[in-house]
**Student:** 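Take a look at the following structure, please.
Naming convention: chains lettered A, B, ... in sequence-line order (proteins, then strands); numbering from 1 in each chain.
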Amino acid sequence: MFGLDFTWLLDPTYQGWLVEGVWITLQLAAVSSLAALVIGLFGALGLTLRLWWLDALIELFVEVFRNTPPLLQMLFFYFTLTQLGFTVEDPVTGLQQPLFNAFFSASVSLSLFGGALCVEAFRSGLDAVPKATLEAARSLGYGRWALFRRVQAPIATRICLPGLTNVLTNLFKTTSQASVITVPELMYAAGQVYNDTFRTLEMMLLVLVIYVALVSLLSWALLRLERLFAYPGYGQGV
Amino acid sequence: MVINPSYEQRKRLLLIGILLAVIALVLGDAVRGGSAEWSRVIARLPLLLTGSAQGWPITGGFLLNVVMGIASMAIATAVGTLLGLSLLARRKLVRQPAFVVMNFLRNAPWLVVLFAMLYLLPYRLTLLGVTFEFSPLAKAIIGLSLPTAANFAEVIRGAVQSVHAGQWESARSLGYSTAQIYRRVILPQAFRRMIPGWMNLYALLMIATSLATVTGVQEVVTLLRTTLSMESETTLVYFYLAVLAMFFAYCYPIALLARRLENKTKGDSL
(Lines give C-alpha, C1' and ligand atoms only; values in the text may rest on other atoms or scores of the structure.)
Protein backbone atom coordinates (compact mmCIF):
# COMPACT_ATOMS: atom_id res chain seq x y z
CA MET A 1 0.00 0.00 0.00
CA PHE A 2 1.36 3.44 -1.03
CA GLY A 3 4.61 1.68 -1.83
CA LEU A 4 5.48 1.35 1.84
CA ASP A 5 7.99 -1.32 2.70
CA PHE A 6 8.24 -2.59 6.24
CA THR A 7 10.25 -5.76 5.55
CA TRP A 8 13.32 -4.29 7.31
CA LEU A 9 11.37 -4.60 10.56
CA LEU A 10 11.99 -8.36 10.44
CA ASP A 11 15.72 -7.76 10.91
CA PRO A 12 16.61 -8.50 14.56
CA THR A 13 19.34 -5.83 14.54
CA TYR A 14 16.85 -3.07 13.81
CA GLN A 15 14.35 -4.55 16.26
CA GLY A 16 17.06 -4.48 18.92
CA TRP A 17 17.89 -0.82 18.23
CA LEU A 18 14.26 0.21 18.42
CA VAL A 19 13.58 -1.72 21.63
CA GLU A 20 16.70 -0.18 23.16
CA GLY A 21 15.47 3.23 22.03
CA VAL A 22 12.06 2.74 23.63
CA TRP A 23 13.74 1.58 26.84
CA ILE A 24 15.93 4.71 27.02
CA THR A 25 12.91 6.90 26.25
CA LEU A 26 11.02 5.29 29.13
CA GLN A 27 13.99 5.76 31.46
CA LEU A 28 14.40 9.38 30.48
CA ALA A 29 10.67 10.05 30.90
CA ALA A 30 10.57 8.29 34.28
CA VAL A 31 13.61 10.07 35.71
CA SER A 32 12.57 13.52 34.54
CA SER A 33 8.91 13.06 35.52
CA LEU A 34 9.87 12.08 39.06
CA ALA A 35 12.30 14.97 39.40
CA ALA A 36 9.74 17.35 37.87
CA LEU A 37 7.10 16.24 40.37
CA VAL A 38 9.50 16.83 43.26
CA ILE A 39 10.47 20.27 41.93
CA GLY A 40 6.82 21.11 41.33
CA LEU A 41 5.85 20.02 44.82
CA PHE A 42 8.56 22.08 46.50
CA GLY A 43 7.79 25.04 44.27
CA ALA A 44 4.08 24.96 45.05
CA LEU A 45 4.74 24.46 48.77
CA GLY A 46 7.17 27.37 48.63
CA LEU A 47 4.38 29.52 47.22
CA THR A 48 2.08 28.63 50.13
CA LEU A 49 4.59 30.17 52.56
CA ARG A 50 3.56 33.60 51.22
CA LEU A 51 7.08 35.07 51.27
CA TRP A 52 7.13 37.78 48.62
CA TRP A 53 10.77 37.27 47.59
CA LEU A 54 10.43 33.47 47.37
CA ASP A 55 7.22 33.92 45.38
CA ALA A 56 9.04 36.24 42.95
CA LEU A 57 11.95 33.82 42.50
CA ILE A 58 9.63 30.86 41.87
CA GLU A 59 7.63 32.89 39.37
CA LEU A 60 10.84 33.86 37.57
CA PHE A 61 11.89 30.20 37.36
CA VAL A 62 8.48 29.08 36.07
CA GLU A 63 8.15 31.81 33.46
CA VAL A 64 11.69 31.44 32.12
CA PHE A 65 11.31 27.71 31.59
CA ARG A 66 7.77 27.92 30.24
CA ASN A 67 8.49 30.64 27.72
CA THR A 68 11.67 29.36 26.11
CA PRO A 69 12.00 26.35 23.79
CA PRO A 70 12.85 23.10 25.61
CA LEU A 71 15.10 22.26 22.67
CA LEU A 72 17.27 25.30 23.36
CA GLN A 73 17.23 24.59 27.09
CA MET A 74 18.48 21.11 26.35
CA LEU A 75 21.24 22.31 24.04
CA PHE A 76 22.21 24.92 26.63
CA PHE A 77 22.47 22.42 29.48
CA TYR A 78 24.21 19.89 27.26
CA PHE A 79 26.99 22.27 26.28
CA THR A 80 27.37 24.02 29.63
CA LEU A 81 27.25 20.86 31.76
CA THR A 82 29.60 18.86 29.57
CA GLN A 83 32.01 21.81 29.49
CA LEU A 84 32.15 22.21 33.25
CA GLY A 85 35.24 20.08 33.21
CA PHE A 86 34.19 17.31 35.56
CA THR A 87 35.53 14.12 34.07
CA VAL A 88 35.71 10.52 35.12
CA GLU A 89 38.15 7.91 33.94
CA ASP A 90 36.60 5.26 31.77
CA PRO A 91 37.62 1.95 33.40
CA VAL A 92 37.74 0.16 30.05
CA THR A 93 39.71 2.52 27.85
CA GLY A 94 41.42 4.66 30.48
CA LEU A 95 40.25 7.78 28.66
CA GLN A 96 38.78 10.80 30.43
CA GLN A 97 35.04 10.96 29.86
CA PRO A 98 32.85 13.94 30.76
CA LEU A 99 30.96 13.17 33.98
CA PHE A 100 27.75 14.74 32.72
CA ASN A 101 26.84 12.88 29.56
CA ALA A 102 24.00 13.60 27.15
CA PHE A 103 21.48 11.51 29.10
CA PHE A 104 22.28 13.36 32.31
CA SER A 105 22.05 16.77 30.64
CA ALA A 106 18.74 15.85 29.01
CA SER A 107 17.37 14.66 32.37
CA VAL A 108 18.41 17.88 34.10
CA SER A 109 16.92 20.09 31.43
CA LEU A 110 13.69 18.09 31.13
CA SER A 111 13.31 17.97 34.91
CA LEU A 112 13.58 21.74 35.17
CA PHE A 113 11.20 22.26 32.24
CA GLY A 114 8.69 19.75 33.62
CA GLY A 115 9.21 21.12 37.12
CA ALA A 116 8.20 24.59 35.99
CA LEU A 117 5.00 23.18 34.47
CA CYS A 118 4.36 21.10 37.61
CA VAL A 119 4.65 24.14 39.91
CA GLU A 120 1.83 25.74 37.92
CA ALA A 121 -0.30 22.57 38.01
CA PHE A 122 0.12 22.08 41.78
CA ARG A 123 -0.40 25.75 42.50
CA SER A 124 -3.67 25.91 40.58
CA GLY A 125 -4.80 22.79 42.47
CA LEU A 126 -4.04 24.38 45.84
CA ASP A 127 -5.73 27.61 44.77
CA ALA A 128 -8.87 25.78 43.71
CA VAL A 129 -9.58 24.31 47.14
CA PRO A 130 -12.77 26.11 48.18
CA LYS A 131 -12.08 28.80 50.77
CA ALA A 132 -15.25 27.84 52.66
CA THR A 133 -13.94 24.32 53.18
CA LEU A 134 -10.69 25.65 54.63
CA GLU A 135 -12.56 28.07 56.88
CA ALA A 136 -14.85 25.31 58.06
CA ALA A 137 -11.87 23.11 58.90
CA ARG A 138 -10.16 25.99 60.69
CA SER A 139 -13.23 26.64 62.78
CA LEU A 140 -13.22 22.97 63.76
CA GLY A 141 -9.84 23.61 65.34
CA TYR A 142 -7.43 22.27 62.70
CA GLY A 143 -3.92 23.65 63.05
CA ARG A 144 -1.94 24.83 60.06
CA TRP A 145 -0.18 21.53 59.38
CA ALA A 146 -3.20 19.33 60.10
CA LEU A 147 -5.30 21.56 57.87
CA PHE A 148 -2.82 21.14 55.05
CA ARG A 149 -2.37 17.40 55.51
CA ARG A 150 -5.96 16.37 56.10
CA VAL A 151 -7.97 18.90 54.10
CA GLN A 152 -6.01 21.05 51.67
CA ALA A 153 -3.58 18.48 50.25
CA PRO A 154 -6.10 15.66 49.64
CA ILE A 155 -8.55 17.96 47.84
CA ALA A 156 -5.84 19.81 45.90
CA THR A 157 -4.32 16.54 44.67
CA ARG A 158 -7.64 15.49 43.19
CA ILE A 159 -8.22 18.86 41.56
CA CYS A 160 -4.77 19.11 40.00
CA LEU A 161 -4.68 15.58 38.54
CA PRO A 162 -6.13 16.52 35.11
CA GLY A 163 -3.61 19.37 34.79
CA LEU A 164 -0.84 17.07 35.94
CA THR A 165 -1.82 14.54 33.27
CA ASN A 166 -1.31 17.26 30.67
CA VAL A 167 2.07 18.16 32.10
CA LEU A 168 3.35 14.59 32.27
CA THR A 169 2.20 13.66 28.76
CA ASN A 170 3.73 16.90 27.50
CA LEU A 171 7.00 16.00 29.22
CA PHE A 172 6.93 12.52 27.73
CA LYS A 173 6.51 13.98 24.25
CA THR A 174 9.31 16.46 24.86
CA THR A 175 11.77 13.62 25.58
CA SER A 176 11.84 13.04 21.80
CA GLN A 177 13.83 16.28 21.51
CA ALA A 178 16.68 14.72 23.46
CA SER A 179 17.65 12.98 20.22
CA VAL A 180 19.05 16.33 19.06
CA ILE A 181 21.72 16.16 21.78
CA THR A 182 22.48 12.53 20.86
CA VAL A 183 20.69 10.77 23.70
CA PRO A 184 20.12 7.31 22.18
CA GLU A 185 16.35 7.28 22.73
CA LEU A 186 13.61 6.26 20.31
CA MET A 187 13.98 9.14 17.85
CA TYR A 188 17.74 8.68 17.77
CA ALA A 189 17.37 4.92 17.24
CA ALA A 190 14.95 5.66 14.41
CA GLY A 191 17.57 7.89 12.82
CA GLN A 192 20.11 5.09 13.04
CA VAL A 193 17.72 2.66 11.40
CA TYR A 194 16.79 4.89 8.46
CA ASN A 195 20.38 5.86 7.88
CA ASP A 196 20.90 2.14 7.33
CA THR A 197 17.75 1.23 5.41
CA PHE A 198 16.88 4.59 3.76
CA ARG A 199 13.25 3.83 4.67
CA THR A 200 12.66 7.27 6.22
CA LEU A 201 8.91 7.58 5.74
CA GLU A 202 8.15 4.08 7.04
CA MET A 203 10.43 4.62 10.02
CA MET A 204 8.87 7.97 10.95
CA LEU A 205 5.33 6.59 10.63
CA LEU A 206 6.28 3.69 12.91
CA VAL A 207 7.85 6.06 15.45
CA LEU A 208 4.75 8.25 15.31
CA VAL A 209 2.57 5.23 16.09
CA ILE A 210 4.86 4.10 18.93
CA TYR A 211 4.83 7.53 20.54
CA VAL A 212 1.07 7.91 20.20
CA ALA A 213 0.59 4.46 21.73
CA LEU A 214 2.91 5.20 24.67
CA VAL A 215 1.43 8.64 25.35
CA SER A 216 -2.13 7.30 25.07
CA LEU A 217 -1.24 4.54 27.52
CA LEU A 218 0.19 7.09 29.95
CA SER A 219 -2.80 9.41 29.76
CA TRP A 220 -5.20 6.45 30.06
CA ALA A 221 -3.38 5.24 33.19
CA LEU A 222 -3.50 8.72 34.72
CA LEU A 223 -7.19 9.01 33.89
CA ARG A 224 -7.81 5.71 35.70
CA LEU A 225 -5.87 7.06 38.67
CA GLU A 226 -7.99 10.20 38.59
CA ARG A 227 -11.22 8.17 38.61
CA LEU A 228 -9.92 5.86 41.33
CA PHE A 229 -9.12 8.66 43.74
CA ALA A 230 -11.95 10.99 42.82
CA TYR A 231 -13.92 12.68 45.59
CA PRO A 232 -17.51 13.21 44.54
CA GLY A 233 -17.91 16.89 43.77
CA TYR A 234 -14.21 17.81 43.50
CA GLY A 235 -12.23 18.02 40.29
CA GLN A 236 -14.75 16.23 38.11
CA GLY A 237 -16.16 17.71 34.98
CA VAL A 238 -13.91 20.74 35.36
CA MET B 1 6.45 59.42 54.21
CA VAL B 2 5.83 55.76 54.93
CA ILE B 3 5.78 53.51 51.93
CA ASN B 4 4.25 50.16 52.68
CA PRO B 5 4.00 48.22 49.45
CA SER B 6 1.59 45.31 49.31
CA TYR B 7 2.68 41.71 48.79
CA GLU B 8 2.02 41.80 45.05
CA GLN B 9 3.78 45.14 44.65
CA ARG B 10 6.89 43.93 46.47
CA LYS B 11 6.95 40.80 44.35
CA ARG B 12 6.63 42.78 41.15
CA LEU B 13 9.27 45.27 42.27
CA LEU B 14 11.74 42.45 42.87
CA LEU B 15 11.04 40.92 39.45
CA ILE B 16 11.43 44.26 37.69
CA GLY B 17 14.58 44.83 39.76
CA ILE B 18 16.07 41.53 38.57
CA LEU B 19 15.20 42.38 34.97
CA LEU B 20 16.78 45.85 35.27
CA ALA B 21 19.86 44.39 36.95
CA VAL B 22 20.36 41.97 34.06
CA ILE B 23 19.94 44.76 31.49
CA ALA B 24 22.29 47.04 33.50
CA LEU B 25 24.92 44.30 33.70
CA VAL B 26 24.86 43.72 29.95
CA LEU B 27 24.71 47.43 29.08
CA GLY B 28 27.37 48.34 31.63
CA ASP B 29 29.59 45.72 30.09
CA ALA B 30 28.93 47.15 26.63
CA VAL B 31 29.74 50.71 27.78
CA ARG B 32 33.05 49.66 29.30
CA GLY B 33 34.13 48.49 25.89
CA GLY B 34 32.43 45.18 26.30
CA SER B 35 33.81 41.81 27.15
CA ALA B 36 34.94 39.81 24.15
CA GLU B 37 32.04 37.36 24.47
CA TRP B 38 29.21 39.88 24.44
CA SER B 39 30.74 41.83 21.60
CA ARG B 40 30.81 38.63 19.54
CA VAL B 41 27.12 38.11 20.31
CA ILE B 42 26.29 41.69 19.34
CA ALA B 43 28.24 41.34 16.11
CA ARG B 44 26.21 38.27 15.20
CA LEU B 45 22.88 39.62 16.43
CA PRO B 46 21.65 40.87 13.00
CA LEU B 47 22.41 37.43 11.56
CA LEU B 48 20.49 35.64 14.31
CA LEU B 49 17.54 38.00 14.03
CA THR B 50 17.15 38.30 10.26
CA GLY B 51 19.36 35.66 8.68
CA SER B 52 21.70 38.07 6.94
CA ALA B 53 24.79 39.64 8.48
CA GLN B 54 23.74 43.22 7.63
CA GLY B 55 20.24 42.80 8.99
CA TRP B 56 18.68 43.07 5.53
CA PRO B 57 17.21 41.33 3.51
CA ILE B 58 15.30 39.03 5.81
CA THR B 59 16.19 35.49 4.87
CA GLY B 60 15.80 33.63 8.14
CA GLY B 61 16.66 33.91 11.78
CA PHE B 62 14.26 34.77 14.56
CA LEU B 63 12.02 36.72 12.18
CA LEU B 64 11.55 33.54 10.16
CA ASN B 65 10.37 31.85 13.38
CA VAL B 66 7.83 34.63 13.77
CA VAL B 67 6.67 34.23 10.16
CA MET B 68 6.43 30.45 10.52
CA GLY B 69 4.49 30.87 13.74
CA ILE B 70 1.97 33.22 12.16
CA ALA B 71 1.53 31.10 9.03
CA SER B 72 1.10 27.90 11.05
CA MET B 73 -1.34 29.61 13.37
CA ALA B 74 -3.46 30.75 10.42
CA ILE B 75 -3.66 27.21 9.04
CA ALA B 76 -4.19 25.75 12.50
CA THR B 77 -7.04 28.16 13.23
CA ALA B 78 -8.87 27.20 10.03
CA VAL B 79 -8.29 23.44 10.36
CA GLY B 80 -8.83 23.48 14.12
CA THR B 81 -12.18 25.25 13.77
CA LEU B 82 -13.41 22.60 11.35
CA LEU B 83 -12.09 19.81 13.58
CA GLY B 84 -13.52 21.42 16.71
CA LEU B 85 -16.98 21.80 15.19
CA SER B 86 -16.84 18.19 14.00
CA LEU B 87 -16.07 17.15 17.58
CA LEU B 88 -19.32 18.80 18.60
CA ALA B 89 -21.35 17.25 15.79
CA ARG B 90 -24.30 15.12 16.75
CA ARG B 91 -23.67 12.51 14.10
CA LYS B 92 -21.36 9.75 15.28
CA LEU B 93 -20.04 9.37 11.77
CA VAL B 94 -18.59 12.88 11.92
CA ARG B 95 -17.75 13.06 15.60
CA GLN B 96 -15.83 9.85 16.07
CA PRO B 97 -13.30 10.18 13.23
CA ALA B 98 -12.68 13.77 14.34
CA PHE B 99 -12.08 12.53 17.87
CA VAL B 100 -9.59 9.91 16.67
CA VAL B 101 -7.70 12.44 14.53
CA MET B 102 -7.60 14.98 17.34
CA ASN B 103 -6.34 12.50 19.91
CA PHE B 104 -3.74 11.10 17.55
CA LEU B 105 -2.32 14.53 16.79
CA ARG B 106 -2.45 15.64 20.40
CA ASN B 107 -0.63 12.57 21.63
CA ALA B 108 2.10 12.73 19.00
CA PRO B 109 5.26 14.70 19.84
CA TRP B 110 5.63 17.86 17.73
CA LEU B 111 9.10 16.84 16.65
CA VAL B 112 7.90 13.46 15.34
CA VAL B 113 4.96 14.99 13.44
CA LEU B 114 7.38 17.48 11.90
CA PHE B 115 9.73 14.68 10.83
CA ALA B 116 6.87 12.59 9.48
CA MET B 117 5.57 15.53 7.42
CA LEU B 118 9.06 16.11 6.07
CA TYR B 119 9.02 12.66 4.49
CA LEU B 120 5.29 12.20 3.95
CA LEU B 121 4.71 15.32 1.85
CA PRO B 122 5.99 15.09 -1.72
CA TYR B 123 8.42 17.64 -3.11
CA ARG B 124 5.96 18.55 -5.82
CA LEU B 125 2.29 17.82 -6.10
CA THR B 126 0.17 18.34 -9.20
CA LEU B 127 -3.52 18.63 -8.40
CA LEU B 128 -5.99 19.45 -11.19
CA GLY B 129 -3.23 20.93 -13.29
CA VAL B 130 -1.94 23.18 -10.50
CA THR B 131 1.53 22.36 -9.26
CA PHE B 132 2.34 22.86 -5.59
CA GLU B 133 5.96 22.99 -4.51
CA PHE B 134 6.66 21.84 -0.97
CA SER B 135 9.81 23.58 0.16
CA PRO B 136 11.25 22.57 3.56
CA LEU B 137 9.73 25.79 4.89
CA ALA B 138 6.24 24.85 3.66
CA LYS B 139 6.66 21.37 5.15
CA ALA B 140 7.73 22.84 8.49
CA ILE B 141 4.72 25.17 8.53
CA ILE B 142 2.32 22.32 7.77
CA GLY B 143 4.03 20.02 10.26
CA LEU B 144 3.76 22.61 13.02
CA SER B 145 0.17 23.52 12.21
CA LEU B 146 -1.23 19.99 12.60
CA PRO B 147 -0.67 19.50 16.37
CA THR B 148 -1.70 23.13 16.89
CA ALA B 149 -4.95 22.53 15.01
CA ALA B 150 -5.71 19.50 17.20
CA ASN B 151 -5.09 21.55 20.33
CA PHE B 152 -7.20 24.40 19.01
CA ALA B 153 -10.06 21.98 18.30
CA GLU B 154 -9.93 21.00 21.94
CA VAL B 155 -9.97 24.69 22.96
CA ILE B 156 -13.09 25.25 20.83
CA ARG B 157 -14.80 22.20 22.25
CA GLY B 158 -14.00 23.26 25.80
CA ALA B 159 -15.25 26.81 25.18
CA VAL B 160 -18.51 25.68 23.58
CA GLN B 161 -19.17 23.10 26.28
CA SER B 162 -18.48 25.67 29.00
CA VAL B 163 -21.54 27.63 27.89
CA HIS B 164 -24.27 26.77 30.35
CA ALA B 165 -26.68 24.03 29.20
CA GLY B 166 -29.61 26.27 30.12
CA GLN B 167 -28.69 28.51 27.19
CA TRP B 168 -29.24 25.64 24.79
CA GLU B 169 -32.53 24.69 26.35
CA SER B 170 -33.95 28.19 26.45
CA ALA B 171 -32.85 28.93 22.86
CA ARG B 172 -34.44 25.71 21.69
CA SER B 173 -37.65 26.45 23.53
CA LEU B 174 -37.73 29.80 21.74
CA GLY B 175 -37.74 27.91 18.47
CA TYR B 176 -34.17 28.48 17.24
CA SER B 177 -32.66 25.85 14.97
CA THR B 178 -29.29 24.29 15.88
CA ALA B 179 -27.43 26.45 13.37
CA GLN B 180 -29.15 29.55 14.71
CA ILE B 181 -28.36 28.62 18.30
CA TYR B 182 -24.70 28.22 17.44
CA ARG B 183 -24.53 31.45 15.48
CA ARG B 184 -26.59 33.71 17.69
CA VAL B 185 -26.28 32.27 21.19
CA ILE B 186 -23.41 29.88 21.78
CA LEU B 187 -20.55 31.03 19.56
CA PRO B 188 -20.61 34.72 20.57
CA GLN B 189 -20.19 33.62 24.19
CA ALA B 190 -17.75 30.81 23.45
CA PHE B 191 -15.63 33.10 21.29
CA ARG B 192 -14.67 35.25 24.28
CA ARG B 193 -13.50 32.19 26.17
CA MET B 194 -11.54 30.85 23.23
CA ILE B 195 -9.25 33.85 22.93
CA PRO B 196 -7.01 33.12 25.95
CA GLY B 197 -6.61 29.50 24.86
CA TRP B 198 -5.86 30.61 21.33
CA MET B 199 -3.18 33.02 22.53
CA ASN B 200 -1.61 30.45 24.81
CA LEU B 201 -1.49 28.09 21.88
CA TYR B 202 0.22 30.72 19.77
CA ALA B 203 2.91 31.16 22.44
CA LEU B 204 3.38 27.37 22.53
CA LEU B 205 3.59 27.24 18.74
CA MET B 206 6.14 30.04 18.68
CA ILE B 207 8.30 28.04 21.08
CA ALA B 208 7.86 24.95 18.93
CA THR B 209 9.03 26.74 15.78
CA SER B 210 12.56 26.15 17.10
CA LEU B 211 12.02 22.48 16.20
CA ALA B 212 11.94 23.42 12.52
CA THR B 213 15.73 23.27 12.72
CA VAL B 214 15.42 19.54 11.93
CA THR B 215 13.95 20.37 8.51
CA GLY B 216 17.01 22.44 7.67
CA VAL B 217 15.11 25.73 7.55
CA GLN B 218 17.37 28.73 8.25
CA GLU B 219 15.60 29.64 11.47
CA VAL B 220 17.28 30.91 14.60
CA VAL B 221 18.42 27.58 16.11
CA THR B 222 19.93 26.45 12.81
CA LEU B 223 21.76 29.77 12.48
CA LEU B 224 22.81 29.58 16.11
CA ARG B 225 24.39 26.19 15.59
CA THR B 226 26.18 27.17 12.39
CA THR B 227 27.37 30.39 14.04
CA LEU B 228 28.68 28.50 17.06
CA SER B 229 30.76 26.25 14.85
CA MET B 230 32.63 29.39 13.76
CA GLU B 231 32.95 30.97 17.21
CA SER B 232 35.23 29.99 20.06
CA GLU B 233 33.81 27.71 22.74
CA THR B 234 33.91 30.33 25.50
CA THR B 235 31.23 32.41 23.76
CA LEU B 236 28.82 29.49 23.58
CA VAL B 237 26.93 30.22 26.78
CA TYR B 238 26.46 33.88 25.81
CA PHE B 239 25.00 32.98 22.43
CA TYR B 240 22.56 30.53 23.97
CA LEU B 241 21.49 33.06 26.57
CA ALA B 242 20.89 35.65 23.84
CA VAL B 243 18.63 33.34 21.82
CA LEU B 244 16.79 32.12 24.93
CA ALA B 245 16.19 35.79 25.78
CA MET B 246 14.75 36.42 22.31
CA PHE B 247 12.14 33.69 22.74
CA PHE B 248 11.36 34.81 26.27
CA ALA B 249 10.94 38.44 25.24
CA TYR B 250 8.53 37.41 22.48
CA CYS B 251 6.49 34.71 24.24
CA TYR B 252 6.22 35.96 27.82
CA PRO B 253 4.13 39.09 27.06
CA ILE B 254 1.71 36.95 25.02
CA ALA B 255 1.38 34.40 27.82
CA LEU B 256 0.90 37.20 30.34
CA LEU B 257 -1.82 38.85 28.27
CA ALA B 258 -3.56 35.50 27.79
CA ARG B 259 -3.60 34.95 31.54
CA ARG B 260 -5.06 38.42 32.16
CA LEU B 261 -7.84 37.76 29.66
CA GLU B 262 -8.46 34.35 31.18
CA ASN B 263 -8.92 35.82 34.63
CA LYS B 264 -11.23 38.43 33.16
CA THR B 265 -13.50 35.93 31.41
CA LYS B 266 -13.48 33.47 34.30
CA GLY B 267 -16.30 35.21 36.12
CA ASP B 268 -18.82 35.43 33.30
CA SER B 269 -19.98 31.84 33.05
CA LEU B 270 -23.69 31.26 32.44
**Student:** Would the number of heavy atoms belonging to other residues, nucleotides or ligands and lying under 6.0 Å from CZ of Phe79(A) be above 12?
**Tutor:** yes
**Student:** Between Val221(B), Ile207(B), Val214(B), which shows the greatest number of heavy-atom pairs under 4.5 Å with chain A?
**Tutor:** Ile207(B)
**Student:** Please report all inter-chain donor-acceptor pairs (under 3.5 Å) between chain A and chain B, with distances to 0.1 Å.
**Tutor:**
| from | atom 1 | to | atom 2 | distance (Å) |
| --- | --- | --- | --- | --- |
| Asp55(A) | OD1 | Lys11(B) | NZ | 3.4 |
| Asp55(A) | OD2 | Tyr7(B) | OH | 2.7 |
| Glu59(A) | OE1 | Lys11(B) | NZ | 2.7 |
| Glu63(A) | OE2 | Arg259(B) | NH1 | 3.4 |
| Glu63(A) | OE2 | Arg259(B) | NH2 | 2.9 |
| Gln83(A) | NE2 | Glu233(B) | OE1 | 3.1 |
| Lys173(A) | NZ | Arg106(B) | O | 2.5 |
| Ser216(A) | OG | Asn107(B) | ND2 | 3.0 |

**Student:** Which residue, Val212(A), Leu186(A), Val207(A), forms the side chain to side chain contact (heavy atoms under 4.5 Å, CB included) with Val112(B)?
**Tutor:** Val207(A)
**Student:** Any idea which of Leu14(B), Val113(B), Leu241(B), Leu244(B) has the most non-hydrogen atom pairs under 4.5 angstrom with chain A?
**Tutor:** Leu244(B)
**Student:** Between Leu201(A) and chain B, which part of the residue has a heavy atom less than 4.5 Å away: side chain, backbone, both or neither?
**Tutor:** both
**Student:** Looking only at heavy atoms, what is the nearest atom pair of Ala108(B) and Leu208(A), with distance?
**Tutor:** CB-CD1, 3.7 Å
**Student:** Rounded to the nearest 0.5 Å, how far apart are CG of Leu72(A) and CG of Leu224(B)?
**Tutor:** 6.5 Å
**Student:** Inspect the surroundings of CZ in Phe99(B) and state if more than 12 heavy atoms from other residues, nucleotides or ligands are less than 6.0 Å away.
**Tutor:** no
**Student:** Given that the side chain runs from C-beta out, which part of Leu120(B) has a heavy atom under 4.5 Å from chain A: side chain, backbone, both or neither?
**Tutor:** both
**Student:** Would you check, one step at a time, whether the test side chain to side chain contact (heavy atoms under 4.5 Å, CB included) holds for Leu71(A) with Leu111(B)?
**Tutor:** CA-CA 10 Å; Leu71(A) 178 72; Leu111(B) 182 67; over 6 Å; no
**Student:** With Ala106(A), which residues qualify under side-chain contact (heavy atoms from CB on, under 4.5 Å), at least two apart?
**Tutor:** Leu28(A), Met74(A), Ala178(A), Ile181(A), Val183(A)
**Student:** Output the option from Leu214(A), Leu54(A), Val64(A) having the highest count of non-hydrogen pairs under 4.5 Å with chain B.
**Tutor:** Val64(A)
**Student:** Would a 4.5 Å heavy-atom cut-off, applied to side chains only, mark Ile18(B) and Leu57(A) as touching?
**Tutor:** yes
